Amino acid sequence: MILELPILILALCLLLALSSLIRGPSLANRVVSFDLLTTIGIGLIAVYAVMTDQPVFLDIAVVLALISFLGTIAFAFYLERSQR
Amino acid sequence: MLIAVLSGFGFSLAAIWIARIGRLRGWLFALLPLILTLYFLSFTPAIIAGEVITASYTWVPSLDVQLAFNLDGLSWLFALLVSSIGTFIFIYAGAYMADEPLVGRFYAYILIFMASMLGLVLADNLITLFIFWELTSFSSYLLIGFNHKDDAARKAALQALLITSGGGLALMAGLILLGLAGNSFEISTLVAGGGVAEHPLYVPILLLILTGAFTKSAQVPFHFWLPGAMTAPSPVSAYLHSATMVKAGIYLLARLTPVLGGTDLWHLLLPAVGGLTMLVGAYLSLRQVDLKRILAYSTISSLGSLVFLLGLDTPLAAQAAIVYLVAHSMYKGALFLIAGIIEHETGTRDVTALGGLARIMPAVTLAAGFASLSMAGIPPFFGFVSKELLYETTLGLQDTAVLFTTLAVIVNMIMVAAAVLVFVRPFTGAIVETPQTPHAVPLGLWLGPLALGTGGLAAGLLLSQVGSTFIAPAVSAILAEPIEVNLALWHGINPMLILSIVTVLGGLVVYRYRHVYERISSRLDTSERWGPAQWYERGLDAVLMLGQLQTRILQHGYLRVYLLTINLVVISLVGITLVTRYDFAGQLPSTDLHFHEAVTAVIIAVAMIYVLFARSRLAAVVALGVVGYGIALIFVFFGAPDLAMTQFAIETLTVILMVLILYRLPSFANFSSRGQRTRDAVVALSVGALITTLVLISTTIVQPSLLTPFFAENSVTEAQGRNIVNVIIVDFRGLDTMGEITVLSIAALGVYTLLRLRTPSQRKVDLTAAVETGEIAEKGKSEEAEGVQ
Amino acid sequence: MKATEKRHAAQSLILLTATRYLVPILLLFSLFLLTRGHNEPGGGFVGGLVAGAAFALYALAHTVHQARLLLRFPPRTLIGTGLLIAVGSGLVALLFQRPFMTGIWSAVELPIFGKLGTPGIFDIGVYIAVLGVILQIIFELMEE
Amino acid sequence: MGLLVLLPLLIPFVTAALALLFWRRHRVQRALGLVGSVGLLLSALVLLVVVWRDGIQVVQLGNWPAPFGITFVADLFSGIMTVLGGIIAVAVVIYSHASVDRLRERFGYYPLLLFLMMGISGSFLTGDIFNLYVWFEVMLMASFVLVAMGNERAQLEGALKYVTINLVSSAIFLTAIGILYGISGTLNMAQLSVQLSQSQQPQMVTVVAMLFLIAFGIKAALFPLFFWLPASYPVAPVAITALFAGLLTKVGVYALIRVFTLLFVQDIGYTHALLLLLAALTMITGVLGAASQNEIRRILSFHIISQIGYMVMGLALFTPLALAGAIFYIIHHIIVKANLFLIGGVVQRLEGSYYLKDLGGLYRSHFGLAVLFLIPAMSLAGIPPLSGFWAKFTLIRASLEENQPVIALVALVVSLLTLFSMTKIWAEVFWKDRPETTPEPAPLSPSARLQLLLPIIALAAITVVIGLMAEPVFILASQAANQLLSPVEYVTAVLGGTP
Amino acid sequence: MVIVLAFLTGGLYACGLYMMMRRSIVKLIMGLALLSYATNLLIFTVGGLTRAAPPLVPEGETVPPVPFADPVPQALILTAIVIGFGVLAFAVVLIEQTHRSVGTDDSNNLRGIEGES
Amino acid sequence: MIQTAISAILLTLGALLMLLAGIGLLRMPDVFLRMSATSKAATLGVILIMVAAAVYFNDLGVTARAIGIVIFIILTAPISAHMIGRAAYITGEKLWSETKIDELKGRYDEETHRLEAPPVESAEVNSLK
Amino acid sequence: MNVLFINVLLALVWTFLTGSFTPNTLIEGFIVGYLVLWLASPLYGPSTYFKKFRQAISFLLFFVWELIVATLRVAYVVIKPNLDIQPGIVAVPLDVKTDMEIMLLANMITITPGSLSLDVSYDRRVIYVHVMHVTDVEAYRREIKQGFERRIGELFR
Ligand code: NA
Ligand code: NA
């Protein structure tokens, strides 16, 4: 099915983001990668919802979008505090 | 009869208050044993007539434990000894401990002891007997340690307790086996039933019971606790450690003779151990200079004689044993009390430092004379009769007559010497300067010894009555058949008489040349280093060392090694069970796999491995977050939206939590060596492999859920919800959720407590740190916020 | 909206401003998750977590002190209340002679919530307790 | 309605939740602690009586039929355990009034205690294996906090080990539950009993049994998984240690007994032989460890381990008498062990130390306390006719009946070494003179005296009563054992139908 | 996927346990977290996998369309996740406080009362 | 059918944008440039995917959710970038060596992290006021 | 803004009238409602609604356009084999004053590929922007001020 293609690409993206996450080198870089990873995750879940014709999965995407932001902020918070 | 036994326990509870009445307390306490003596005496006609008075009360019938009592000749004789000697001891103690502030406790303990001893000798139930047996050990512990500030007293008390309780535990096993083998825990039934000797368990039963009896009655090699026990106050030594408690083992052997006796093993073990104990006790007694230790070792020797006699298992031997036992209880009890008086008055027990006391304490001297004469076996004292009977018995032996007669003569010579030593040195000759100056001895002190000493004389004089009244019923009970006893002082000139004369003369020679004896024996002696007392010490040390060693090995404090241990246990228990018990069928679960699933799996795998090698803790936290998100994605792919949502949310919170905490912690450090890492990796991988195997096996076992169909059908119709997972967690299995939020709540309280609760000392530390870093202002603010609530 | 709100030197103006819009969105969504949890993915637990996230965000952007003021109740009280509501919803069944935690449903049907019943109340208890727990932990940690 | 079965759970829960609302009200907290624990005890007593009279009590939560919802089951064994929990809870709460400092009381001491009791009661009464996990966690979480409460360095170090190792245990437990559900399709213990007995893969069941053995073995402090116990128990406030010493490990033992009588009886020759081996090793290592210690709480802590060995020995022998012995042992041990720790606390309060070398002289100054110590101490050592004697006697008799002389020998030797330890404490703390460096005992205020001694006296009295009136207690234990050995009764009560 | 998840589960256990056996107490926490993932994934896998079919009943119907994923393991994991979080939160703080009080990250220095001679 | 086709195209486009972000992440030399590459491409990608979902399901609830996600992402993604960027700068994250100009240099207070505007006399800034 | 409210109300009424509750009908309803309101605008007296609405639409279109252009630009940079950019951090003085406006501006800058707002000075006078490719700093400042800032200012005043 044609909807396999986007999910394939997104899976690939996940791998790219992961490799960047591991490469680092600084924490800020990792957080950026992590942030991208979650964004891709949101997309992936939405694509999966379309692919499987299950709109309920979109709810998960909403939760992820709402809450993953907090994680990023916490990292930034930490980064700054660790400097003081 | 129950009341008779239990009255002592009851009184002991009140002893502390009764003791407050002052000087007359000894006489008052003595009323109880006196009444008991009279009570038991009241059974005299019945006992002579061969009656057995029984009384039984249910206690723990489910475990075959009854408060069953049985008053026959043997137990009656023992009960009389316990209560009558007790009477004198109690009076004596009143005077002896006149200034002792803890005398109430003393009476409490000794009352417990007396009651236990009565229970022991009267009990018909094996377990009840054992219970009282243990109580005598326990009360003995408290009494030996009565001078509790003294290191030696505490050590001796412990030694006595461990030895007798150790034996007691063997006894317990033996008694249980006996009860199982004989199908009854009632001694009377066992005696009537018989057949235990042929039981396959006979040998262990006998060995276990003998261990118990031998430890209690201070047989070699368990004898060494008894001299140590002399740290107890003299009334205790007299009562427990010569007259009654140490005889409990003898009593038990006598009691069980009809059940266990008569076998080759019995005939081998008892005489051998008893004979050895006779010799060792006698040998050691003469090496002492401490009055009480002389008496203690001679007591050991006498106890050996009793075991020896019981082991012979003949009517004559039994008769000899009972006579010996009664005679010994009287003279040895008296001598211990006298030793107490001497110590009390002079402040020393060293016989070489004493002399001329006869002039100061005539009544005591008389008592000591009587008791020593009885001990030395001089007619017409009762001791003479016992010695005659002993010789008669050994001479009647078939193969070993010469050996055992020689042994008996040698031992008795030493006993004569000891008796002379005990009397002559302290009482005769010139008055010697002692730590304290002796005064006239009050009635309370000398009454007991004199009565007991005179008792030895009276028994000798009233021999036939004593024989038929006291000795015959006991002997009958031992042999489980009626026996005639005819005692007489004069049998004409016979081998026994000759031996007696030889013994006395030999004893005097030994006394005269005891320096030579001492010199030789001290050169030969290795018991200082190799004796059983040293085994005990080494055993104790070994236990402590083993304990320390084991604690070092198992309880080392290294958390990671604890975890390693758990892993090893998992590997061994689960792994071995799996390998040995499970039959691998080789079937594998389905292998279909989608690309995005595979990618997710790869991501999780890479991230988790990254966690292991991450150099920075925050990088590890990020990777951990990736693992969590990855798992959430798997939940998405396999139809678990609620799970995925929760996992995402929780994961994010976890990341926040870690971030908030971790920046206060040091960065990762690699402490472990390469070897440790390899070892841990191998172990962890093994557990992982095990888990993988378990998962693979479990997924091939096709067992459809028994719960799911019900939930699917009832979720909407009965529980009014279309999200089955949610319906499960709030309704079908709502209690899980209740527990779960409770856990969370407690965790939140815990975090609060950990972060806020500061003991005053810690607060000081924190305060200085806060002042240094200038955090103090913020601290105040947060406490303000707390105050708002 | 005040143009010059007093703020800490290290606080980000952008974040501060954004939270004014984000916090209500998060809270709204958390209630949404709570109310429809019985029928669609969601429920008191996730709802409570999201609500907790809202206050946590507020605390990160502003200060814990302000977040506490915003919350009005101490988290501990929320925990206790949540637990009591949860157990209370279970006890309702006893009035109807049913075992503990038996669902009791009223005939009333609410728009999003669906039918009103004790399992729903139980879920509310969970929501409140979880909110309390999350905030108790996060606030304490941030205040340290 | 079956509310009765739930009351031991709900009463502490509601009182704890209320205590959270009255956080700053010190007196209310204390009162709630007392109300919760006394309520727990009373409800447990009534429950036990009802179970004794009417048989196994069952409540299906949410009115869902048995294997589907969560079932709470009170049989005699769980009834007994709940009552014991109640007794200890009341004793500890009263004792805490005088022994726990204000600071800890202000930080949720009583609600935590009540939550702990809730978890313990839930563990005893639940009939669902996953629900058991949940109550275990409630109990553990509360115990984690109580161990660490106070933040003393030793506490934190001990708590770290306690927490970590127990979490590993929980993970193993959860793993085992997951696999069990996978291979049986159910979580209800009664139905599991049925399913596992008909399992097509009995070997796999045995493998899972090993996981449960390890998980519960850690909680019960079985050899060689006991290390967390001596590391952590001695560092908590003594009232808490008393509670833990009495109850917590026994929850592990309870779970072991429950699953190895109800669920895992397919391969007794293997599993229970293994249990017997572990029991012996546990007894020996525990008592040897105690011998090497010189601090009251540590000595007592190691003894917990060795006594766990006795209980598991009863399970391993797997006869009615042995199991009755195990249950009797549990009853005796919980009362006695908790009491010894409470007494240790009083000693510390008087002389300021738990170290034997710093102590002494109490025989003269506090004879009453000496007697109060002697009762549980001698009971622990198995001196007749105190409770410990009957427990030991029953187990040894059972092992001899089963022709297992080795375990009997071990049990006897260990009992002698226990006596050694108890007399060591006695001689050092009571008989020995007070060292010159140790200050005079600090006098107790009358109210503290009452609150500290009342629980001790009560527990000592129970010990004596159990000893003197062993018959009814033994019959109770014996009936409980019979119930355990015939799971049909349990299964029928839960799932319905005729036996 | 079952096989993949089986290996993933095993791997998570291995990594978690390995991390816990490190001397650094910070790693201990990471190990605990990994272990908690591992158990959750195990329950999920052993409970049986069904793709893209959440156990939801469509509006207006009374039973979910078959096949649907088993809701029971999901409910169990939900509880386990939450409990795991609570426990982890406490453990993290405990470790931080331990570090603060003792001043070391090395568990070898945290031998506690066992370390006393 | 046409809805499916449209959504498929949108989904693919969205996915490609994400891919772009991924590649950007790997290729860009410093953290600020990486954020430049990712925050927008990914945001745009998510927006496209959400539109696709809304089109595909054509359901009010789904559309509402899609819109919600879009709004939220538009609101939060830049804030994330700002927060990380700021933190990265404060923690001394190195700018790419080819970076032409850095007007932020020295403006953060080392202690309080208070950010100052360029000095008033800075001509180029004032010239625009 | 109460006109917006009426417009939304009309959209809802429209969906009820058509009886299908899909996004399409809602959008239809909104457009129809807007037309109706525009026709009936004298009824409500002077209102900035229609102007603001137009401004908002044009702002949105501008933003989308910028987004697409910038995305393509970045895509080109990313895909191109050699990295040929001149990044820099530029201080852009601010005219917009309220928090909301500043935040919106900052977000717009960030969303637009190639630029990233790093922070706003404490006194709100300057926003610091990281730019991927800045050949002329002054030109960039002007570009921002003329583009996003002006439009935001118009929309909110
Ligand atoms: Na987690
Ligand atoms: Na972004």
Side-chain angles (χ1 to χ4, degrees), chain C residues 37-38 43-45 48 68 71-106 115 117-137 139-141 143-144, chain D residues 1-25 28-29 32 36 43 57-66 68-73 106-108 110-112 114-115 118-119 121-122 125-128 131 134 138 141-142 145 151 494:
Chain C
H38 215 51
F45 193 80
R68 281 191 198 277
L71 186 64
R72 286 186 201 84
F73 305 99
R76 207 173 29 241
T77 308
L78 291 182
I79 297 174
T81 313
L83 293 180
L84 284 177
I85 291 177
V87 73
S89 77
L91 291 171
V92 171
L94 299 175
L95 302 176
F96 295 81
Q97 307 287 312
R98 299 275 161 71
F100 183 66
M101 290 197 94
T102 305
I104 305 293
W105 298 92
S106 77
K115 262 193 184 170
T118 50
I121 298 172
F122 180 79
D123 227 9
I124 293 172
V126 172
Y127 177 93
I128 297 174
V130 169
L131 175 61
V133 166
I134 299 299
L135 295 184
Q136 175 91 50
I137 294 175
F139 285 178
E140 285 305 326
L141 283 178
E143 262 175 0
E144 265 281 296
Chain D
M1 285 204 317
L3 181 66
L4 184 59
V5 185
L6 285 165
L7 279 182
L9 180 87
L10 292 179
I11 292 174
F13 183 45
V14 171
T15 43
L18 281 173
L20 292 184
L21 297 182
F22 294 99
W23 190 255
R24 292 267 170 257
R25 307 278 292 278
V28 179
Q29 296 261 321
L32 282 170
S43 59
Q57 296 294 302
V58 169
V59 57
Q60 313 287 2
L61 276 115
N63 210 16
W64 301 109
F68 308 115
I70 289 171
T71 311
F72 258 48
V73 193
R106 268 184 43 206
F107 276 83
Y110 292 107
L112 285 167
L114 291 167
F115 279 133
M118 173 200 185
S121 298
L125 291 170
T126 188
D128 186 283
N131 198 239
V134 172
V138 170
M141 196 66 236
V145 183
N151 288 346
V494 173

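This is a predicted model, so every value here is computed, not measured. Convention: sequence-line order gives letters A, B, ...; per-chain numbering from 1.
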Chain C contact via D:L61 - side chain, backbone, both or neither, heavy atoms under 4.5 Å: both
Atom group of D:I70 that falls short of 4.5 Å from chain C, counting heavy atoms: neither
Donor-acceptor contact below 3.5 Å, side chain D:Q29 vs main chain D:F22: yes
Distance-only side-chain donor-acceptor flag, D:T126 / D:N131, under 3.5 Å: yes
Close side-chain approach of C:F100 to C:V87, heavy-atom, < 4.5 Å: yes
Atom group of C:T81 that falls short of 4.5 Å from chain D, counting heavy atoms: both
Proximal component of C:L91, with respect to chain D [non-hydrogen, under 4.5 Å]: side chain
C:E140 bridged to C:R68 by N-O distance under 4.0 Å: yes
